[in-house]
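Written out below as structure tokens is the structure these notes cover.
In each ligand, atom 1 is the first atom listed, and ligand 1 is the first ligand listed. For the numbers below, each heavy atom of this structure counts, side chains included, while hydrogens, waters and symmetry mates do not. Residue indices begin at 1 and follow the sequence shown.
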Amino acid sequence: MVIKGIIFDLDGVLVFTDKFHYLAWKKVADKLGIYFDEKINNRLRGVSRMASLEIILENYHGEVLSAQQKEEIAAEKNEYYRSFLAKMRPEDVDIETRSTLAELRRRGYKLALGSSSKNAKFILSQVGLTSAFDAISDGNNITHSKPNPEVFLKAAEFLNLCPGQCAVVEDAYAGIDAAKEGGMLAVAIGDATSYEKDDIKLKKFSDLLKHFK
Ligand code: B16
Ligand code: MG
């Protein structure tokens, strides 16, 4: 099928907020006496906030936490995280990324965001990328996070395209699994290029222009 739409993951593809997630979770984990390091942080890529907390709590050996306590911990993490996001600026997006998005659009592709993050719209507005997209599907319009394909299926629906007409650009294994499960073309960048399930591997973001003419 001819590709008419391209769906982009946010964290790890367009912006790099891993370090902010890490610092915010680390602060919360330290407070609870939980061991947390960058390797565990890598497992949180593309995973929802509450599912991330469950991964972090694998190293928690204290009293059983109620659902409300977990919500409070996640909310505290999000406050720290948003204090970092508030400092993001348009300069935090590579010029190569910005110009590639503009050129893909000029070539007639519809562009959507497909992010698990509930902060996606805030991030896009901080870095001045909101108007680069025709549709935004994020953590606020889904009930299942990646590897479930829901976020990408919604993005395709918002673009009025069927899944087979869409490509997904992802940096996380969970995102590649979600794209394949959704019946889309899976384009890997960064860490995801070491996965065997993708259809296309990008060395750099602007390589998209070689694959989508
Ligand atoms: P929030 P993506 C994901 O974004 C991040 O990769 C993941 O680390 C994070 O836990 C998730 O968003 C939820 O983020 O707490 O802001 O709702 O990679 O799908 O763009
Ligand atoms: Mg990502």
Side-chain angles (χ1 to χ4, degrees), residues 6-29 36-58 70-88 92-93 97 101 111-127 129-130 132-133 135-155 168-179 181-182 184 186-195 198 202 205:
I6 309 176
I7 304 168
F8 293 86
D9 172 51
L10 180 60
D11 289 333
V13 173
L14 303 172
V15 297
F16 300 89
T17 56
D18 271 29
K19 52 189 179 298
F20 302 151
H21 280 296
Y22 173 73
L23 291 170
W25 279 125
K26 178 78 178 147
K27 200 158 174 179
V28 164
F36 180 65
D37 62 17
E38 306 240 9
K39 205 172 155 205
I40 301 171
N41 193 56
N42 278 344
R43 289 175 56 204
L44 311 183
R45 274 200 205 138
V47 175
S48 73
R49 197 179 308 159
M50 294 312 285
S52 297
L53 177 60
E54 291 302 332
I55 292 173
I56 286 161
L57 290 177
E58 287 171 11
K70 289 183 185 178
E71 290 287 350
E72 283 165 12
I73 295 167
E76 193 180 339
K77 179 267 173 179
N78 195 46
E79 256 182 58
Y80 292 139
Y81 179 57
R82 283 180 70 96
S83 69
F84 292 114
L85 299 183
K87 292 181 199 137
M88 289 187 86
D92 291 314
V93 173
T97 302
L101 291 173
L111 308 186
L113 191 82
S115 166
S116 306
S117 175
K118 290 188 169 164
N119 294 299
K121 286 185 183 146
F122 181 46
I123 296 172
L124 287 183
S125 118
Q126 284 299 109
V127 299
L129 269 186
T130 310
F133 296 96
I136 293 170
S137 172
D138 66 15
N140 297 299
N141 60 254
I142 54 168
T143 46
H144 306 288
S145 95
K146 303 166 193 174
N148 187 292
E150 188 181 5
V151 73
F152 297 141
L153 293 175
K154 277 276 165 210
V168 168
V169 186
E170 257 291 349
D171 72 306
Y173 286 21
I176 296 291
D177 284 338
E181 182 67 27
M184 300 172 182
V187 182
I189 192 163
D191 276 10
T193 56
S194 52
Y195 203 27
D198 56 19
L202 301 180
F205 194 81

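In this structure, Lys146 does not pair ionically with Asp177, as no charged nitrogen and carboxylate oxygen lie closer than 4.0 Å.
With ligand atoms numbered from 1 in the order given, ligand 1 contributes 1 (P), 16 (O), 17 (O) to contacts under 4.0 Å with heavy atoms of Lys118. Every atom of ligand 1 with a heavy atom of Asn119 under 4.0 Å away is listed here by number and element: 1 (P), 16 (O). Residue Leu10 approaches ligand 1 through these ligand atoms, each under 4.0 Å from one of its heavy atoms: 20 (O). Those atoms of ligand 1 with a heavy atom of Arg45 less than 4.0 angstrom away are 6 (O), 8 (O). In the vicinity of Tyr81, heavy-atom distances shorter than 4.0 Å reach the ligand 1 atoms 16 (O). In the vicinity of Leu44, heavy-atom distances shorter than 4.0 Å reach the ligand 1 atoms 7 (C), 8 (O), 10 (O). Within the listing of ligand 1, atoms 2 (P), 4 (O), 19 (O), 20 (O) sit less than 4.0 angstrom from a heavy atom of Ser115.
Asp11 OD2, 3.2 Å is the protein heavy atom nearest to atom 4 (O) of ligand 1. Here the heavy atom of the protein found nearest to atom 18 (O) of ligand 1 is Asp9 OD1, 2.9 Å.
Aromatic pair Phe205/Phe8: ring centres closer than 6.0 Å.
Here the protein contributes Asp9 OD2, Asp11 O, Asp171 OD1 as N, O or S atoms under 2.8 Å from the Mg ion (ligand 2).
Side chain of Thr17 to main chain of Phe20: no donor-acceptor pair is present (N/O by atom type, distance under 3.5 Å, no hydrogens or angles).
Residue-level proximity to ligand 1 for Val47 is carried by the backbone, the only part with a heavy atom below 4.0 angstrom.
Every heavy atom of Gly12 sits 4.0 Å or more from the atoms of ligand 1. Residue Glu170 places no heavy atom under 4.0 Å from ligand 1. The closest approach between Ser52 and ligand 1 falls below 4.0 Å for a heavy atom of the residue.
Residue pairs meeting the salt bridge (Lys or Arg N to Asp or Glu O under 4.0 Å) criterion with at least one partner in residues 76-87, sequence neighbours excluded, are Lys31-Glu76.
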